[in-house]
Amino acid sequence: MPLGVASSFQAYDPYPLFMTDARGSRIEDADGNEYIDFDMAFGVLAAGHSHPILAEVLAGRVANGTCYTFPVEDGVLLAEEIKQRFGCDLVRFSNSGTEATMDAIRVARGFTGREKLLKFEGGYHGHHDDVLVSIQPPRELIGAPEAPVTVPASAGLPRSRVEETVVAPYNNAEALEAILARHGPEIAAIIIEPVQFNIGVVPPLPGFLERVRELATQHGAVLIFDEVKTGVVLAYGGATEWFGVKPDLFCLAKSIGGGVPIGAFGGRGEVMSVIERIPDRAADPTTGLTHSTIPGGATRVAHLGTFNGNPLSMAAGVTVLTRILTRDAYPRLSAMGDRLTAGCQAVIDEHSLPGYAINVGPKGCVMFTPSRVTNYRDFIGLDSELWAASFFYLANRGILLPPGPDDQWTLSVQHTDADVDRYVSTFRDFAAELTA
Ligand SMILES: Cc1ncc(COP(=O)(O)O)c(C=O)c1O
């Protein structure tokens with residue numbers, strides 16, 4: 001395996017930990033060290049590791065077949081549950097967040113008959129070509145805020161694809177307006193992580209998401225919320241509920257499956273139904289689009305996948321959403337997140353560390369930057385040496401965080417206040433040793 005791992009996110013210096021067991025809030029490595037897990041598989045596990053209810057359901061499911069490629073009732077129940085939480089009309093399933101955003105973008109293109117995508121700098125939406133740009137570009141390449149440069153995040157991306165994605169700085173409504181004034185009529189979709197959770201924790205400034213919503217409508221672009229990290233984690237109805245701003249489409253993955261591979265996307269019936277038939281737009285006075293604008297003249301958007309809606313993932317999803325991450329789980333998750341942030345902030349204040357603690361619900365982190373980060377351009381100033389010192393100090397004392405300053409802690413329904421307090425006390429030891 002290149003780098004010795006299955007996904008390049010798993011590779012880091014000096015070597016990745018190999019894990020053998022996990023239950024509740026604990027995970028154990030191949031050397032027998034136990035950690036309180038605050039990484040929770042990059043935020044997959046708001047239900048915690050092997051929740052007893054889920055473990056029982058999945059054991060029963062495995063004994064009855066794990067893949068049929070025929071629809072199953074649990075898929076219908078899960079779609080109904082997602083509809084209720086997100087107030088949408090139609091849902092489809094995939095196997096990962098990458099597939100969910102890829103499919104949602106294709107639906108948006110089919111619906112609008114347009115080709116360009118707008119994403120925000122610092123946003124990660126998976127590893128397909130359209131979105132693998134301007135994730136953490138080098139400062140010298142990013143250009144001015146009103147005209148950011150689209151910077152490939154991987155070799156192997158065709159230039160023609162890179163050119164299809166327009167980039168805007170997050171939390172900068174004026175820059176977005178200027179960019180849309182230039183590209184508006186070509187933009188099929190605006191994709192956004194409502195909270196930027198791939199550069200630490202960067203919440204939207206007051207009014208920003210509302211303005212993005214208005215501008216998307218004004219320019220006839222489909223607004224896609226990438227709720228892969230936020231959905232069913234921040235709140236029962238994800239960031240859509242937390243911020244009270246409704247997208248046209250949203251993408252889910254990670255925590256909806258409790259650790260089983262899954263993805264989903266859904267939204268307005270009018271948009272999603274291009275999977276059945278692209279509407280005839282000849283008579284549409286606002287867009288003036290006709291089928292002839294769609295390459296090849298296809299009359300519907302393909303959404304396919306052997307594993308889509310497989311019985312194992314559907315059983316996991318229904319169980320997690322209806323029996324574990326129920327409405328009453330969220331106040332406690334948020335309270336634990338607030339407790340961890342308050343504890344870390346107190347340590348930062350006591351020891352005058354350059355940084356601050358921040359959370360949105362059960363997801364948070366210590367940002368090692370002297371001032372508040374509002375978008376990727378501020379994040380570039382993060383002290384990665386200080387972050388690394390804290391990561392290893394904590395890991396060597398049984399507190400496991402994601403292996404990068406761009407990720408954050410995720411608390412689960414199986415974490416306790418005692419787990420949170422142990423993190424804070426270990427962080428206090430770190431700060432004391434560092435400043436001694
Ligand atoms: C916001 C967001 N979107 C999409 C993805 C891609 O999801 P996956 O890794 O399941 O393909 C991620 C993964 O971290 C993510 O954080």
Side-chain angles (χ1 to χ4, degrees), residues 5-12 39-46 86 92-108 117-136 153-154 165 170 189-204 209 212 223-234 238-240 242-243 247 249-267 305 307-308 310 313 316-317 320 360-365 375-376 379 401-410:
V5 292
S7 156
S8 295
F9 278 136
Q10 294 170 7
Y12 52 90
D39 175 349
M40 298 312 268
F42 293 139
V44 165
L45 293 163
F86 289 85
R92 270 280 178 106
F93 295 107
S94 62
N95 304 290
S96 66
T98 294
E99 288 185 8
T101 61
M102 178 182 76
D103 293 329
I105 290 164
R106 185 178 303 134
V107 161
L117 172 71
L118 187 144
K119 85 173 273 282
F120 292 88
E121 263 174 359
Y124 178 71
H125 304 289
H127 60 277
H128 58 93
D129 291 0
D130 283 320
V131 292
L132 209 48
V133 296
S134 296
I135 294 169
Q136 287 182 27
S154 168
T165 302
Y170 179 82
I190 298 177
I191 189 165
I192 184 167
E193 252 195 300
V195 179
Q196 283 206 311
F197 274 131
N198 284 285
I199 47 169
V201 175
V202 183
L209 287 181
V212 174
L223 178 60
I224 304 173
F225 274 6
D226 179 347
E227 292 233 32
V228 166
K229 279 190 160 179
T230 54
V232 314
V233 176
L234 299 195
T240 301
W242 185 282
F243 295 106
L249 297 178
F250 58 90
C251 303
L252 300 169
K254 294 198 192 267
S255 269
I256 65 166
V260 168
I262 192 169
F265 65 102
F307 286 105
N308 290 6
N310 76 82
S313 302
V320 168
V360 183
K363 294 175 79 64
C365 67
N375 65 28
Y376 172 68
F379 178 80
L401 284 160
D406 37 17
D407 223 299
Q408 62 288 129
W409 72 60
T410 300

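All ligand and atom numbering here is 1-based and tracks the order in the structure.
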Heteroatom proximity flag, Lys254 to ligand 1, N/O under 3.5 Å: yes
Nearest-contact summary for atom 4 (C) of ligand 1 - protein heavy atom, Å: His125 C, 3.4 Å
N or O contact, Lys229 vs ligand 1, cut-off under 3.5 Å: no
Derivation of the side chain to side chain donor-acceptor pair (under 3.5 Å) call for Asn308 and Asn95: CA-CA 6 Å; Asn308 290 6; Asn95 304 290; 3.2 Å; yes
Taking atom 3 (N) of ligand 1 as the reference point, the nearest protein heavy atom with its distance: Asp226 OD2, 2.6 Å
Thr98 and His128 side chains, donor-acceptor separation under 3.5 Å: no
Enumerated ligand 1 atoms positioned under 4.0 Å from heavy atoms of Glu193: 1 (C)
pair Pro403-Asp39: side-chain heavy atoms closer than 4.5 Å: yes
Aromatic ring pairing Phe86/Phe250, orientation class (parallel under 30°, perpendicular over 60°, tilted between): parallel
Ligand 1-proximal atoms of Thr98, by part, heavy-atom distance under 4.0 Å: both
Part of Tyr124 with heavy atoms under 4.0 Å of ligand 1, whether side chain, backbone, both or neither: both
Heavy-atom proximity to atom 16 (O) of ligand 1, best of Asp407, Val228, Ile262, Asn198: Asn198
Atoms in ligand 1 with a heavy atom of Ser96 nearer than 4.0 Å: 10 (O), 11 (O)
Heavy-atom check, side chain of Leu117 versus side chain of Ile191, under 4.5 Å: yes
Test item: Leu234 and Val195 side chains (from C-beta on) under 4.5 Å apart, heavy atoms: yes
Nearest-contact summary for atom 10 (O) of ligand 1 - protein heavy atom, Å: Gly97 N, 2.8 Å
Pair Phe243 and Phe225, ring centroids less than 6.0 Å apart: no
